[in-house]
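Scroll down for the structure; my scribbles are underneath it.
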Amino acid sequence: EAGHYWLASWGSGLVRYDVHREVFSSINTSNSSIPDNNLFHLCRGNHSDLLIATFSSGLARYFPKENEWEIFNIENSDLPSNNVNVICRADDESFFIGTNSGLVRYFPENNTFAGYPVTQQMQALSTAHVYDILVESPTSVWVGSLSGLYHFNPKTEDARIFTVNNGLPNNTINAIL
């Protein structure tokens, strides 16, 4: 929306800032169906929706025009953890979701999640505490985690991990640019 910004806050839920009126409004658990007031990340969806990473309640999908919510968690979806840290648009209509229990891909057209087969190369990434994701191209995705830096190809599922054993100064990677 032109003239509006969305903010993920800690403790106050989803915040909308109206630039023209200079007004902040909070969408939280006491005035909406948002499942958690502690949010880590936001990403624009494929339409007018927002994807919201929550601290302990999974992935929330919000449709502001309709004021409707869809909530995905370990009880009602294949999301591997309710602790969602980061959301990143993939090369198509899907999104990579980084959780405290690994990386999954979310397909909003049918609200499904797909993990990656646990091959020897992908085993560590399937359980990694994921902090950030950078999609460089359809065949090159970088993942920052508590256990190192991963580089993988979603099409072939080939993966490589960089750790202190490969010269990385520290295994904890919080952001990638």
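In plain terms, the two heavy atoms of Thr29 and Pro35 that are nearest each other are CG2-C, 3.9 Å. Contact between Ser48 and Pro64 at its shortest, heavy atoms only, is O-CD, 3.2 Å. When all heavy atoms of Gly11 and Asn38 are compared, the closest pair comes out as N-OD1, 2.8 Å. Across every non-hydrogen atom of Asn28 and Ile34, the tightest pair is C-CG2, 3.2 Å. Gly3 and His20 get closest at one heavy-atom pair: CA-NE2, 3.6 Å.
Both Val15 and Tyr17 are part of a single hydrophobic cluster, where members link through side-chain heavy atoms under 4.5 Å apart. Cluster membership check: Leu103 shares its hydrophobic cluster with Val135, using side-chain heavy-atom separations under 4.5 Å among Ile, Leu, Val, Met, Phe, Trp and Tyr. By the rule that hydrophobic residues join a cluster once side-chain heavy atoms approach within less than 4.5 Å of another member, Ile161 and Val130 end up as members of one cluster. Under the 4.5 Å side-chain heavy-atom criterion for Ile, Leu, Val, Met, Phe, Trp and Tyr, Val143 and Leu149 are members of distinct hydrophobic clusters.
For Asn37 (side chain) and Ser30 (main-chain N/O), no donor-acceptor pair under 3.5 Å exists by modelled atom type. Between the side chain of Arg89 and the backbone N or O of Arg44 there is at least one donor-acceptor pair closer than 3.5 Å. Counting only distance, with no hydrogens or angles, the side chain of Asn83 and the backbone of Phe55 share a donor-acceptor pair below 3.5 Å. Using modelled atom types, no side-chain atom of Asn73 and backbone atom of Gly58 make a donor-acceptor pair closer than 3.5 Å. Using a distance-only test at 3.5 Å, with no hydrogens or angles considered, a donor-acceptor pair links the side chain of Asn76 to the main chain of Ile71. Here the side chain of Ser26 pairs a donor or acceptor atom with the backbone of Ser12 at under 3.5 angstrom. Formation of a donor-acceptor pair under 3.5 Å by the His41 side chain with backbone atoms of Ala53 is not found in this model. Checked by atom type and distance alone, the side chain of Asp49 pairs as donor or acceptor with a backbone atom of His47 at under 3.5 Å.
Tyr131 forms part of a hydrophobic cluster together with Leu146, judged by ILVMFWY side-chain heavy-atom separations under 4.5 Å.
Atom-to-atom distance recorded for Ser25:OG and Leu7:CG is 9.5 Å, nearest 0.5 angstrom. Remark: Asn82 CG to Asp36 CG distance equals 9.5 Å, nearest 0.5 Å. Between Ser140 atom OG and Asp158 atom CG the span is 12.0 Å, to the nearest 0.5 Å. Rounding to the nearest 0.5 angstrom, the gap separating the CZ atom in Arg61 from the CZ atom in Phe95 is 8.0 Å. Considering CG of Asn100 and CG of Asn85, their distance stands at 4.5 Å, rounded to 0.5 Å. Atoms CG and NE2, from Leu134 and His151 in turn, are 9.0 Å apart once rounded to the nearest 0.5 Å.
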Scan the side chains in residues 167-177 for donor-acceptor partners under 3.5 Å anywhere in the protein, sequence neighbours excluded, and list what turns up.
unit_1: Asn170; atom_1: OD1; unit_2: Thr172; atom_2: N; d: 2.7
unit_1: Asn171; atom_1: OD1; unit_2: Val164; atom_2: N; d: 2.8

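Residues Tyr5 and Asp18 bring no donor and acceptor atom of their side chains to less than 3.5 Å of each other. In the model, Ser147 has no side-chain atom that pairs as donor or acceptor with a side-chain atom of His129 under 3.5 Å.
For Glu22, the CD atom is loosely surrounded, since the number of other residues' heavy atoms within 6.0 Å does not exceed 12.
A perpendicular orientation is assigned to the rings of Phe72 and Phe113, their planes being inclined by more than 60° (bins at 30° and 60°). Classified by interplanar angle (parallel below 30°, tilted 30° to 60°, perpendicular above 60°), the ring pair Trp10/Phe40 is tilted.
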